Amino acid sequence: MPELPEVETIARGVDERLRGDRIIDAWFGSHKEPFKTPPSSLAAGLEGRTILRVRRVGKHIVCELGDGTGSSRVAEWIVHLGMTGQLLVTTPEASVAAHTHARLALASGREMRFVDPRRFGRLELRDLKTAKAFAGPGAEPLTISEDEFVKLFRGRRLAIKAALLNQTLLHGVGNIYADESLFRAGIRPRRMAGRLKRAELLKLRAALIEVLEHAIELGGSSVSDYVDADGARGFFQLEHRVYLRTGEPCLVCGTPIKRIILAGRGTHFCIQCQR
DNA sequence: ATATGGCCCTGGTTGC
DNA sequence: TGCAACCAGGGCCATA
């Protein structure tokens, strides 16, 4: 499940490899789900465009596109990976994986491919003549100030874990990093967000930033089918302290890790270390 | 207005 | 051993 660190790793990889390249041909599959923008409009908006820069916004990958004549942005290709999406840079000869929904042929001779078995991912084209640059639904966890972070949860009558997963508050945090940051901050996932003290929220913010930055350093967590733009796996799953460790001893106190369902998601925590 | 729960999807796992 | 039911969860939408 690609979250902020996985999406950041992929965006950086694609940026390194494809910055300055040009899209010369676009092919799309026939399933309708991945397309927020219809394939015909996508093709028209992508072909002939140059890739100026690739960056991450929340859990979205944004490819900034130029018209080929200069360095000004004319459009953005926005990729959301859903649960099982992959954005890969390959040679044209590389075997085409099942569930490949998009293939972009590039002037350099390579291809960018979007593969997504479960089709929870989304592809969108944003024309900057008629729309604003994509800013994401919420605030960036890595750059939000202490005061802004505290303000996000004020008066919220829902569990702190559910609040962390709400992309319109903070974007980029998913199930893994919600559980891991709450463990590192010593906060129970069911605590009501609006009842947390400022000091606890500041501890959560620091824990979240630390865990996200560490995960980016390790190339993300490969728990299901996550791979980066080259198809390589990440290593942060080896650093997980609670996620998918149900029944295993807490690495701090030895108490078995407990699993509950919260906001419809598997939720892992230590009843001793988290209060 | 905000919060909650069901749904979409496929593949891996579990259970009979 | 084989097959079917079940579960995983990000985001969206209907409902409370």
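From a predicted model like this one, the values you see are computed outputs, not experimental measurements. Residue numbering restarts at 1 for every chain, and letters A, B, ... go by the order of the sequence lines.
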Please determine whether a side-chain nitrogen of the Lys or Arg among A:E16 and A:R12 lies less than 4.0 Å from a carboxylate oxygen of the Asp or Glu.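 A salt bridge is absent here (no side-chain N lies under 4.0 Å from a carboxylate O).
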Side-chain ion pair, A:K59 and A:E6, N-O less than 4.0 Å: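 No, no charged N to carboxylate O under 4.0 Å.
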Any side-chain N or O of A:R156 less than 4.0 Å from the OP1 or OP2 oxygen of B:dA3?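 Yes, such a contact exists.
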Distance check: side-chain N/O of A:H99 vs OP1/OP2 of B:dC9, anything under 4.0 Å? no
How does the hydrophobic cluster around [X] look, that is, which other residues are in it when side-chain heavy atoms under 4.5 Å mark a link?
X: A:L262; value: A:I260, A:F269, A:I271
X: A:V62; value: A:V57, A:I78, A:F134
X: A:L251; value: none

Can you tell me the distance, in whole Å, between the CD atom of A:Q86 and the P atom of B:dT10?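 Atom-to-atom, A:Q86 to B:dT10, this comes out as 16 Å.
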B:dT2 P sits how many Å from A:M192 CE, rounded?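 For the pair A:M192 CE and B:dT2 P, the rounded distance is 16 Å.
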Salt bridge (Lys or Arg N to Asp or Glu O under 4.0 Å): pairs with one or both residues in residues 71-85 of chain A, sequence neighbours excluded: A:R55-A:E76, A:E64-A:R73, A:R73-A:E76
Overall bend - the helix from B:dT2-C:dA16 to B:dC16-C:dG2, comparing terminal axes fitted on five pairs, nearest 10 degrees: 50°
Using the side chain to side chain contact (heavy atoms under 4.5 Å, CB included) definition, which of the options A:I23, A:L128, A:D127 pairs with A:L65?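 It is A:I23, the one option of A:I23, A:L128, A:D127 that forms the side chain to side chain contact (heavy atoms under 4.5 Å, CB included) with A:L65.
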Whether the side chain of A:R119 and the base of B:dC9 hold a donor-acceptor pair under 3.5 Å is what I'd like checked.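 Result: no qualifying N/O pair found.
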Once you apply a heavy-atom cut-off of 4.0 Å, does [X] come out as touching a base, just sugar-phosphate, or nothing?
X: A:Y243; answer: sugar-phosphate
X: A:R154; answer: nothing
X: A:G121; answer: nothing

Per-nucleotide protein contact string for nucleotides 10-16 of chain C, where B marks a base within reach and S marks sugar-phosphate only (heavy atoms under 4.0 Å, - for neither): BBS----
Tell me yes or no: between the side chains of A:D147 and A:S145, is some donor less than 3.5 Å from an acceptor? no
Would you tell me whether A:E140 and A:H171 have side-chain atoms, one donor and one acceptor, within less than 3.5 Å of each other?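 Indeed, the side chains of A:E140 and A:H171 share at least one donor-acceptor pair under 3.5 Å.
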